[in-house]
Amino acid sequence: MGQGNPVHLGPGVSAQITAERGTRARVARLILEHGPVTAASLGERLGLTPAAVRRHLDALLCDGMIESRTARPRGQRGRGRPAKLFAITDDGRSAFVHAYDDLAGSALRFLAERLGDEAVSEFAQAQISGLVSRLEQLMREVPADQRVRVLAEALSAEGYAASSTKTGQGGEQLCQHHCPVAHVAAAFPQLCEAETEAFGQLLGTPVQRLATIANGDGVCTTHVSSHALAARQAPTQISSTSTSKESGR
């Protein structure tokens, strides 16, 4: 059979396809943010007919973006069929993550090309300042020996799956087992640098980043010096600085 001419879609058909894709993305996003949910709930939120919702759900199921589950009955139920719930799959979640990564990476590359690396650093500082403003008051009220644990809990609430452990030297390790911006941070280390600086500011003691997911490590690991050790070293550092200035006269 000979190769036919390419099919050219009219503007009306193209617009319809674009609208369909946009609605399907909205359905997937709602399932990601509010799932597991029923088809009826999705229809109510988006103003779609049952047939339209079913069409989009079938497409998302076929692509492996979502999966269906049977709702557990609550209390006494009639003889009707059990409700079916729809939840996002790991592939579906990854698709959203990569989409955000691509957009963020493109934006930062544009910023670096137009304004230079300093602009990227300023952007990273501005982004992490939100975390600092949300937590600085809480950290001031928390005893020094509890701050790493509280910070880990706060980071976990924001999707970083963080934990804290004591070390043999009296310090602690703050571990982040997930990083939502790892792919972008691999290209722009300023994001990790700004985050590390923010940790030191919030905890009120020196910190050192030992490993990052962005650099290929399994976990982002930050060593946090004990407040007692930092307090003992501070006078020595001041004295050393003073002696250096005196000798420079």
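Numbers here are sequence positions counted from 1.
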[Y] side chain reached by [X] side chain, heavy atoms, under 4.5 Å:
| X | Y | answer |
| --- | --- | --- |
| R26 | L46 | yes |
| L155 | F199 | yes |
| L42 | L48 | no |
| Q208 | T222 | no |
| V224 | Q173 | no |
| E195 | Q176 | yes |
| T221 | R209 | no |

Got a sec, which residues hit salt bridge (Lys or Arg N to Asp or Glu O under 4.0 Å) with [X], two or more places apart in sequence or on another chain?
| X | value |
| --- | --- |
| R45 | none |
| R109 | none |
| R134 | E158 |

Gap separating the CD1 atom of I88 from the CE atom of M65, nearest 0.5 angstrom: 5.5 Å
Value rounded to 0.5 Å, distance of CD in E193 from OG1 in T212: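 That separation rounds to 10.5 Å.
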Between E136 and L202, is the side chain to side chain contact (heavy atoms under 4.5 Å, CB included) condition met? List the steps. CA-CA 6 Å; E136 58 184 353; L202 287 168; 4.2 Å; yes
Solution key, residues 119-127 side-chain donor-acceptor pairs under 3.5 Å, sequence neighbours excluded:
| from | atom 1 | to | atom 2 | distance (Å) |
| --- | --- | --- | --- | --- |
| S121 | OG | D117 | O | 3.4 |
| Q125 | NE2 | E197 | OE1 | 3.2 |

Flag yes if [X] and [Y] sit in one hydrophobic cluster, no otherwise; membership is Ile, Leu, Val, Met, Phe, Trp, Tyr, and two members link when side-chain heavy atoms are under 4.5 Å apart.
| X | Y | value |
| --- | --- | --- |
| L203 | Y160 | yes |
| I128 | L111 | no |
| L138 | V148 | yes |
| V207 | L151 | yes |
| L191 | L131 | no |

Is the backbone N or O of [Y] less than 3.5 Å from a side-chain atom of [X], with the two atoms forming a donor-acceptor pair by type?
| X | Y | result |
| --- | --- | --- |
| T196 | C192 | yes |
| T167 | G171 | yes |
| T205 | S225 | yes |
| R69 | L85 | no |
| D217 | A211 | no |
| S133 | G130 | yes |
| S156 | A162 | yes |

Smallest separation among heavy atoms of [X] and [Y], with atom names:
| X | Y | answer |
| --- | --- | --- |
| V132 | Q201 | CG1-NE2, 3.5 Å |
| H56 | V27 | CB-CG2, 4.2 Å |
| I66 | L61 | O-CD2, 3.5 Å |
| F86 | S68 | CE2-CB, 3.9 Å |
| L57 | A39 | CD1-CB, 3.7 Å |
| A186 | A214 | CB-O, 3.4 Å |

Among all residues two or more places apart in sequence or in another chain, which pass the side chain to side chain contact (heavy atoms under 4.5 Å, CB included) test with Q137?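 For Q137, the residues satisfying side chain to side chain contact (heavy atoms under 4.5 Å, CB included) (neighbours in sequence not counted) are R140, E141.
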Going by the rule side chain to side chain contact (heavy atoms under 4.5 Å, CB included), which residues pair with H177 if we only count those two or more places apart in sequence or in a different chain?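 If we apply the side chain to side chain contact (heavy atoms under 4.5 Å, CB included) test to H177, skipping adjacent residues, the hits are A161, S163, C175, V219.
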